[in-house]
Amino acid sequence: MLPVEVLKEAADEMLDYKGSGMSVMEMSHRSKVYEGIIQEAEKDLRDLMNIPDNYKVLFLQGGASQQFAAVPMNLMKNKVADYIITGQWAKKAYQEALIYGKANAIASSADKTFSYIPDCSDLPISEDADYVYICENNTIYGTKFKTLPNTKGKTLVADVSSCFLSEPVDVSKYGLIYGGVQKNIGPAGVVIVIIREDLITEDTLPGTPTMLKYKIHADNASLYNTPPAYGIYICGKVFKWIKSMGGLAVMKEKNEAKAKLLYDFLDESKMFKGTVVKEDRSLMNVPFVTGNEELDSKFVKEAKAAGLENLKGHRSVGGMRASIYNAMPYEGVVALVEFMKKFEADNL
Ligand SMILES: *Cc1c(COP(=O)(O)O)cnc(C)c1O
């Protein structure tokens, strides 16, 4: 979901962006106007996340999935990295890293269908690990790291695709943060990488394509080649929207209020149950089940008919999942809970 205000503004500017006589879709990415757009987007993101000066912000393509390869190609100097497996996206990143070096799965919650975050306070971190990798919010299973793992001094790398800008973050705790923007920020086609400068080097694995080298993109301020120009423009508008709401602390309060409403209902319902242990519940993705597959399908179908979209769980787990990202208003969650109450009364 994107904020309606953002979509309206983009619609207003569709044919003529601020007197330039053209749409942002038609501009040269080398034009002064476009340079202004991408620079302002970066500045607003830096403000929002309080990104320290020794970090670069890169606007790239290829989705979060391409970073599964880019991260090891750029950071695996010793060809060793430790992965914490908390769901499908972490597992895919781990499997990709195995192509390039010795990736170790040092913890996993696969034993209980990824319904919790493993204790990461004292993990067997490899002596020579180039980094420790997490997927901070597990989109499919609905878990979130509430405390970051103790990496014992090693660089932390995090995929934040589904919790990007949902709450304040201390960037200095990470070596690299990345995320596809399509979950919580903007349109598909942009991935943002926030990387500490000392990790950007010429020393990448042999065979690393030029387009996957962080240094190339950092040296060229994300304009080495044509960036996903329109997507970045929309992301910039969403950054301004979040700023106008009061920033990430306010975003967090709003997200907590929305999630509480839904989780409180799940905890008292006789029909619906959350699938994640309470301590590790995500603010963004809330999976739940009735315990009966037929009833689950009926719920998804009737919810859709009532205007409540995208409630089917990921195809790998079934059940239901409510994704209540930043742009979802509180009233949207109220409508869902009201519908669930009625469904429960009608079907129990
Ligand atoms: C959706 C998602 C991905 C995959 O993103 P693509 O941009 O489709 O490659 C990776 N990680 C997480 C956490 C996701 O939610």
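Numbering of ligands and ligand atoms starts at 1, following listing order. The chain is numbered in sequence order, starting from 1. Hydrogens, waters and symmetry mates play no part in the numbers below; they use all other heavy atoms, side chains included. Keep in mind the model is a prediction, meaning the values are calculated, not measured.
Residue contacts with ligand 1: G180 is excluded, as none of its non-hydrogen atoms falls under 4.0 Å. No heavy atom of Q66 sits closer than 4.0 Å to any atom of ligand 1.
In terms of protein heavy-atom proximity, atom 11 (N) of ligand 1 is nearest to D159 OD2, 2.6 Å.
More than 12 heavy-atom neighbours from other residues, nucleotides or ligands sit within 6.0 angstrom of NZ on K146.
Atom 5 (O) of ligand 1 has its nearest heavy-atom neighbour, among A64, A158, G63, G179, in A64. Looking at G62, A188, S65, it is S65 that brings a heavy atom closest to atom 9 (O) of ligand 1.
Contact annotation: for C135 versus ligand 1, heavy atoms closer than 4.0 Å belong to the side chain alone. When non-hydrogen atoms are compared, ligand 1 lies under 4.0 Å from the side chain of K183 (C-beta onward) but not from its backbone.
Note: Y178 OH to I192 CD1 = 13.5 Å, rounded to the nearest 0.5 Å. From E5, atom CD reaches atom NZ of K240 across 15.0 Å, with rounding to the nearest 0.5 Å. With rounding to the nearest 0.5 angstrom, the CG atom of D198 is 7.0 Å from the OG1 atom of T155.
In summary, the atoms of ligand 1 found under 4.0 Å from a heavy atom of T139, numbered by their order in the structure, are 12 (C), 13 (C), 14 (C), 15 (O). Within ligand 1, the atoms closer than 4.0 Å to a non-hydrogen atom of Q182 are 5 (O), 6 (P), 7 (O), 8 (O), numbered from 1 in the order shown.
Both tests pass for K112 against the ring of Y116: distance under 6.0 Å to the centre and angle within 45° of the axis.
Pairing each heavy atom of M27 with each of I37, the nearest pair is SD-CD1, 4.4 Å.
Residues M284 and N137 have side chains in contact (heavy-atom distance under 4.5 Å, counting atoms from C-beta outward).
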